[in-house]
K.L.:
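Below is one structure. I have some questions about it.
Values in this document were obtained by computation on a predicted structure and should not be read as measured data.
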There are 2 protein chains.
Amino acid sequence: MYGYFYYLCAVMMDNKKIEKISRALSDASRITILQQFRKRNDCLYCAEVHDILDLTQPSVSHHLKQLVEAELLLPEKEGRNLKYILNEEVLSEYISSLNDLKGK
Amino acid sequence: MYGYFYYLCAVMMDNKKIEKISRALSDASRITILQQFRKRNDCLYCAEVHDILDLTQPSVSHHLKQLVEAELLLPEKEGRNLKYILNEEVLSEYISSLNDLKGK
DNA sequence: TTCAAATATTTAAATGTTTCGATGTTTTAA
DNA sequence: TTAAAACATCGAAACATTTAAATATTTGAA
């Protein structure tokens, strides 16, 4: 439907993106945040993250921002609350890129 | 043969390890190094890395050290040369840990 | 044994990251 | 409209990372 080039674009992740996602994953607090998605119902509220991590609100905000900028999390406003959804598509693309590093 | 606990140890990767590998992957030069393993014959020589990256020898040495400390690369001495082998097992465990972040 | 090649370590500068306190913005509820 | 709850941004301190120059170590060859 969209041709070969489009297909490649949808599948491949460039090195800048791999670097950015890796950096987002290179922090204990952010790994903990991502692990909460399995325990909760596939979404997480900003306030819940604050309860889980022993960090101030600005620090939590900073970590969530890194994850959003890496597109691992999708933010959704709900009134004055902020809900995050795990972006499984980006996570899968990242995993694919890592799989490509393996031979054959 | 080794029981349940041993099995878990072999499969699970703790958060400190995930953090360390992610950090090792969060640099353009180090991603480039890992990508060379598919192009070469599953092993890479230190000197080849120096040719590929536009960095001084100490910088190359630093990056290779990060990858070795994350156990993504296994170093093998060959006379005064150093050969690296991609540690596919660790890479696979890391990928499994990331897959576990996804729901169900 | 001595020299040169290959790699590692040390040091220091530049830059980036993490964290918190203070403050700003947006939104709901009184 | 005002107060307060939820989140973001700013500024600064502490710490970590990247890089290169200088130097050290290890090893093979002469």
K.L.:
Roughly, in whole Å, what's the span from CG in Leu82(A) to P in dT25(C)?
P.N.:
18 Å
K.L.:
Can you name the atoms? Protein N/O to nucleotides 27-30 of chain C N/O, anything below 3.5 Å, with the distance.
P.N.:
unit_1: dT28(C); atom_1: O2; unit_2: Arg80(A); atom_2: NH1; d: 3.4

K.L.:
Side-chain donor-acceptor pairs under 3.5 Å in residues 75-87 of chain B, sequence neighbours left out?
P.N.:
unit_1: Glu78(B); atom_1: OE1; unit_2: Tyr45(B); atom_2: OH; d: 2.7
unit_1: Glu78(B); atom_1: OE2; unit_2: Tyr45(B); atom_2: OH; d: 3.4
unit_1: Glu78(B); atom_1: OE2; unit_2: Lys83(B); atom_2: NZ; d: 3.2
unit_1: Asn87(B); atom_1: OD1; unit_2: Glu89(B); atom_2: N; d: 3.4
unit_1: Asn87(B); atom_1: OD1; unit_2: Val90(B); atom_2: N; d: 3.4
unit_1: Asn87(B); atom_1: ND2; unit_2: Glu71(B); atom_2: O; d: 3.1

K.L.:
Enumerate, atom names and distances included, each donor-acceptor pair closer than 3.5 Å involving a side-chain atom of residues 49-57 of chain A, sequence neighbours excluded.
P.N.:
unit_1: His50(A); atom_1: NE2; unit_2: Leu55(A); atom_2: O; d: 3.4
unit_1: Thr56(A); atom_1: OG1; unit_2: Ser59(A); atom_2: OG; d: 3.2

K.L.:
I want to check something: taking the side chain as every heavy atom from C-beta on, are Phe37(B) and Leu101(A) in contact at a cut-off of under 4.5 Å?
P.N.:
no
K.L.:
Quick one, Arg40(A) and Glu48(A) - any side-chain contact, counting heavy atoms below 4.5 Å?
P.N.:
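Side-chain contact under 4.5 Å: yes.
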K.L.:
Please work out which residues in residues 14-30 of chain B have a non-hydrogen atom less than 4.0 Å from an atom of DNA chain D and list them by number.
P.N.:
Arg23(B), Asp27(B), Arg30(B)
K.L.:
Please confirm whether the backbone N or O of Asn15(A) pairs with a side-chain atom of Lys20(A), one donor and one acceptor, at under 3.5 Å?
P.N.:
no
K.L.:
Looking only at side-chain atoms of Gln57(A), point me to the closest of dA8(C), dA8(D), dA6(D).
P.N.:
dA8(D)
K.L.:
Side chains of residues 21-29 of chain B: which donor-acceptor partners sit under 3.5 Å, not counting sequence neighbours?
P.N.:
unit_1: Ser22(B); atom_1: OG; unit_2: Leu25(A); atom_2: O; d: 3.4
unit_1: Ser22(B); atom_1: OG; unit_2: Ile18(B); atom_2: O; d: 2.8
unit_1: Ser22(B); atom_1: OG; unit_2: Tyr94(B); atom_2: OH; d: 2.8
unit_1: Arg23(B); atom_1: NH2; unit_2: Ser26(A); atom_2: O; d: 2.7
unit_1: Ser26(B); atom_1: OG; unit_2: Arg23(B); atom_2: O; d: 2.7
unit_1: Asp27(B); atom_1: OD1; unit_2: Ser29(B); atom_2: N; d: 2.8
unit_1: Asp27(B); atom_1: OD1; unit_2: Arg30(B); atom_2: N; d: 3.2

K.L.:
Would you mind reading off the distance between Asp51(B) atom CG and dA6(C) atom P, rounded to a whole angstrom?
P.N.:
10 Å
K.L.:
For Leu44(B), which of Leu73(B), Leu64(B), Ile33(B) qualifies under side chain to side chain contact (heavy atoms under 4.5 Å, CB included)?
P.N.:
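Exactly one candidate clears the test, Ile33(B).
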K.L.:
Taking only heavy atoms on the protein side, list every residue of residues 58-68 of chain A lying under 4.0 Å from any atom of DNA chain C, sorted numerically.
P.N.:
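Per residue number, the list reads Pro58(A), Ser59(A), His62(A), His63(A), Gln66(A).
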K.L.:
Roughly how many Å is it from CG in Asn81(B) to C1' in dA8(C), rounded to a whole number?
P.N.:
14 Å
K.L.:
Is there a side-chain contact between Leu98(A) and Leu98(B) (heavy atoms, below 4.5 Å)?
P.N.:
yes
K.L.:
Figure out the CG/P separation between Leu55(A) and dT17(C), and round it to whole Å.
P.N.:
17 Å
K.L.:
Roughly, in whole Å, what's the span from NZ in Lys83(B) to P in dT7(C)?
P.N.:
13 Å
K.L.:
Do Leu74(A) and Leu72(A) sit in one hydrophobic cluster, given that two such residues count as connected whenever their side-chain heavy atoms are within less than 4.5 Å of each other, even indirectly?
P.N.:
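They do not share one cluster, since no chain of ILVMFWY contacts under 4.5 Å joins Leu74(A) to Leu72(A).
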K.L.:
Rounded to whole angstroms, how far apart are CD on Glu69(A) and C1' on dG16(C)?
P.N.:
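Those two atoms, CD and C1', are 14 Å apart.
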K.L.:
So, do Ser96(B) and Met13(B) sit near enough that their side-chain heavy atoms are less than 4.5 Å apart?
P.N.:
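They are not in side-chain contact.
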K.L.:
Rounded to whole angstrom units, what separation is found between the OH atom of Tyr84(A) and the P atom of dC7(D)?
P.N.:
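Roughly 8 Å, once rounded to whole Å.
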K.L.:
Going through the distances and angles, do Gln35(B) and Lys39(B) end up as a side-chain contact (heavy atoms from CB on, under 4.5 Å)?
P.N.:
CA-CA 7 Å; Gln35(B) 287 170 339; Lys39(B) 301 187 182 170; 5.7 Å; no
K.L.:
Whole angstrom is fine here: how far is it from CD in Glu48(B) over to C1' in dA6(C)?
P.N.:
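That distance rounds to 14 Å.
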